[in-house]
Amino acid sequence: MSSPTPRFLPSRLRCASLLALLLASGAASAQNLNTVYEAARAYDATYLAARSLAESAEFKAAQADALRLPSASLSGSASAAEVSTVTGANVGSRTATLGVQGRQPLFNRGNTATIEQAKRALEVSKADLAAAEQDLIVRVAQAYFDVLAAQDALSAAQAFKKAVAEQLASAKRNFEVGTATITDSREAQARFDLATARELVADNDLRTKRTVLDQLVGRQAVAPRGLALPVALPPVLPADMDAWVATAEAQHPTIRKALLGQDVARLETEKARAGALPTVDLVGAVSTSKASGSGTTVNANRGTATTGSVGVQLNLPLYTGGAVQNRIKETVVLEEKARQDLEAARRGVTLGTRSAFLGVQSGLGQVKALEAAEASTKLALEATELGYKVGVRVNLDVLNAQSQLFDTRRDLSKARYDVIVNGLKLRQASGQLQPQDVRNVDALLAP
């Protein structure tokens with residue numbers, strides 16, 4: 001029996017421990033989407049790599065910010081020398097020096113541009129992290145509902161096989177008593193064999209989908225919850241496609257990243273132009289030196305001296321061989337590239353948002369059509385079975401009606417899951433996808 005979590009553990013560690021215990025018992029109880037997502041958020045290597053990169057960007061920005069702050073260094077030296085004079089005397093000297101030098105930038109446009117670029121790079125890393133989190137939500141939801149769809153497909157295949165087995169037994173009995181031909185029995189046997197093959201395919205597909213979900217979460221035997229009955233899928237709100245596009249253009253991580261990239265390119269041009277400008281630094285130094293000497297006949301004087309200096313240092317480039325001018329031309333061209341990248345990002349996001357919106361709307365229409373088809377095919381099967389009993393329909397008609405009903409149920413189940421996942425993809429395409437959306441999906445699941 002596992003020991004309880006100590007109360008003095010940090011809250012994050014307690015949550016992680018409870019989550020691990022919950023997922024470890026996945027075979028015993030089903031988990032909602034948010035639970036699976038939180039587990040994947042702590043395990044998925046792609047997301048964790050993006051988070052580490054975003055954290056490192058903060059330290060990189062701090063390194064750039066140090067360019068505006070003063071710097072100091074300590075230096076020291078020691079030397080010894082011995083000289084033989086023409087008179088045969090040996091004269092030796094020893095010198096030791098210790099000093100501190102300091103520098104404070106007063107004017108440096110290049111450093112200013114570098115600092116601003118580092119700030120933009122930090123914002124870019126945040127946009128990348130937001131995109132990685134949205135991508136993780138979609139990947140988890142896709143794997144989660146893929147398992148549910150595979151389960152429903154297997155259930156439909158098993159139900160169809162059972163129905164065909166009953167029809168096969170009926171055909172054999174009717175043949176034995178002489179009320180049916182051998183053709184009915186052989187048709188039912190062929191359909192039963194096909195149903196067995198479909199069951200095996202569905203079972204293998206479910207195993208594969210479960211493996212994908214388990215690998216994404218880092219746990220074994222993750223059991224998703226099914227949809228609550230009756231199923232009520234939420235409509236797309238707002239219902240205006242242009243509203244989704246406008247939101248995407250305002251806050252999508254890809255567009256934010258492209259805008260920041262344009263700022264970085266502009267600052268790079270400023271930094272290139274700063275190569276022809278002067279730099280001004282406040283510099284100061286304090287040093288202490290100690291000298292001593294000795295000889296075979298005379299001892300030299302010993303002394304200590306301390307010196308200090310402070311001043312302003314100006315550095316103005318006069319000729320760089322055309323390097324500065326060509327660097328400016330290069331960065332101006334790269335600015336144009338950044339503008340085109342921004343335009344491409346806007347077009348791509350707009351297209352993706354419109355396609356996602358139409359996909360959800362189409363999916364909702366497909367669900368309604370399949371719901372109607374399920375009801376009609378069920379009635380058609382009942383009518384066909386009745387006609388078979390009274391002799392106006394043959395066994396093959398019943399088998400076809402059964403196949404159509406179970407195929408419709410499988411397709412309806414898949415269409416419902418696709419609408420939910422595509423709804424998340426629509427929010428991702430418009431840059432709005434948040435962990436709260438995962439909890440909203442949980443409201444559609446069975447308790």
Side-chain angles (χ1 to χ4, degrees), residues 2 12-56 128-158 198-227 253 356 410 413-429 433-442 444-446:
S2 59
R12 180 180 295 182
L13 185 56
R14 290 202 303 269
C15 292
S17 300
L18 292 174
L19 181 61
L21 291 174
L22 179 60
L23 289 180
S25 60
S29 61
Q31 294 99 48
N32 58 25
L33 181 60
N34 187 65
T35 301
V36 175
Y37 164 68
E38 291 295 338
R41 197 169 183 265
Y43 178 79
D44 183 68
T46 302
Y47 171 74
L48 293 177
R51 191 171 68 182
S52 297
L53 186 61
E55 292 174 355
S56 69
D128 287 338
L129 180 59
E133 186 168 14
Q134 292 182 6
D135 177 69
L136 178 63
I137 292 174
V138 171
R139 287 189 289 121
V140 171
Q142 186 71 67
Y144 187 93
F145 288 107
D146 279 349
V147 172
L148 290 177
Q151 288 177 348
D152 291 347
L154 178 59
S155 297
Q158 291 172 339
R198 289 174 58 178
E199 181 187 17
L200 292 173
V201 172
D203 181 71
N204 181 71
D205 184 61
L206 175 58
R207 293 174 185 272
T208 302
K209 295 299 194 301
R210 281 177 172 168
T211 301
V212 172
L213 181 59
D214 290 347
Q215 184 176 5
L216 184 61
V217 175
R219 298 291 187 272
Q220 295 294 326
V222 178
R225 291 182 182 176
L227 293 177
R410 179 200 60 201
S413 173
K414 181 67 166 57
R416 285 169 173 166
Y417 299 137
D418 287 344
V419 166
I420 297 175
V421 175
N422 289 338
L424 295 176
K425 290 181 178 180
L426 173 59
R427 297 190 66 81
Q428 180 191 28
L433 188 58
Q434 299 290 337
Q436 179 60 42
D437 296 313
V438 177
R439 293 186 282 272
N440 293 340
V441 171
D442 282 341
L444 303 175
L445 303 179

message: With a 6.0 Å cut-off (strictly less than), is the heavy-atom count around CD of Q215, excluding the residue itself, greater than 12?
response: no
message: According to side-chain hydrogen bond (donor to acceptor under 3.5 Å, both in side chains), who are the partners of R139, at least two apart in sequence or on a separate chain?
response: D44, D135
query: In Å and rounded to the nearest 0.5 Å, what is the CG to CZ distance from D152 to R416?
result: 9.5 Å
- request: Using modelled atom types only, decide if a donor and an acceptor are shared between the side chain of D214 and the backbone of Q220 within a distance under 3.5 Å.
  value: no
task: For Y144 and R225, work out which heavy atoms get closest and say how close.
output: OH-N, 2.8 Å
field: Closest non-hydrogen atom pair, Q134 against P253
entry: NE2-CG, 4.2 Å
query: When you check the gap from the basic side-chain N to the acidic O, do D437 and R427 get nearer than 4.0 Å?
result: yes
query: Does any non-hydrogen side-chain atom of R210 lie less than 4.5 Å from one of V222?
result: no
query: Can you list the residues that meet the side-chain hydrogen bond (donor to acceptor under 3.5 Å, both in side chains) rule with E199, with sequence neighbours excluded?
result: K161
Donor-acceptor contact below 3.5 Å, side chain N422 vs main chain K425: no
- prompt: Would L136 and R41 count as a side chain to side chain contact (heavy atoms under 4.5 Å, CB included) if you check the C-alpha gap in whole Å, the side-chain angles of each, and the deciding distance to 0.1 Å?
  reply: CA-CA 8 Å; L136 178 63; R41 197 169 183 265; 4.1 Å; yes
- prompt: Of all heavy-atom pairs between F145 and L445, which one has the smallest distance, and what is that distance?
  reply: CE2-CD2, 4.2 Å
message: With a 3.5 Å distance limit and no angle check, can you tell me whether D442 reaches the backbone of N34 through a side-chain donor-acceptor pair?
response: yes
task: With rounding to the nearest 0.5 Å, note down the distance linking CG in N204 to NZ in K209.
output: 9.0 Å
message: Which residue is it: L216, V438, L424? I am looking for the one with a side-chain contact (heavy atoms from CB on, under 4.5 Å) to V140.
response: L216
- prompt: Taking all non-hydrogen atoms of both residues, which atom of V138 and which atom of Q428 are closest, and how far apart?
  reply: CG2-OE1, 3.3 Å
query: Between CG of L213 and CZ of R219, what distance do you get to the nearest 0.5 Å?
result: 12.0 Å
Minimal non-hydrogen separation, P435 against I137, with atom names: N-CD1, 4.0 Å
task: Please determine, by modelled atom types, if Y37 and E133 share a side-chain donor-acceptor pair under 3.5 angstrom.
output: yes
- prompt: Can you tell if the side chain of P224 reaches within under 4.5 Å of the side chain of L33, non-hydrogen atoms only?
  reply: no
query: Which is it for L129 and Y47 under the side chain to side chain contact (heavy atoms under 4.5 Å, CB included) test, yes or no, and what are the steps along the way?
result: CA-CA 8 Å; L129 180 59; Y47 171 74; 4.0 Å; yes
statement: Scanning both residues in full, the closest heavy-atom pair of L206 with Q151 reads CD1-CG, 3.5 Å
message: Treating S413 as the side-chain partner and R410 as the backbone partner, does any N or O pair qualify as donor plus acceptor under 3.5 Å?
response: no
message: The test is side chain to side chain contact (heavy atoms under 4.5 Å, CB included); show your working for D146 and V212 and say whether it passes.
response: CA-CA 9 Å; D146 279 349; V212 172; over 6 Å; no
query: Looking only at side chains, do T208 and D205 share a donor and an acceptor under 3.5 Å apart?
result: no
task: Applying side-chain hydrogen bond (donor to acceptor under 3.5 Å, both in side chains), name anything that partners D203, two or more places apart in sequence or on another chain.
output: R207
Any side-chain heavy-atom pair of L227 and Y417 under 4.5 Å: yes
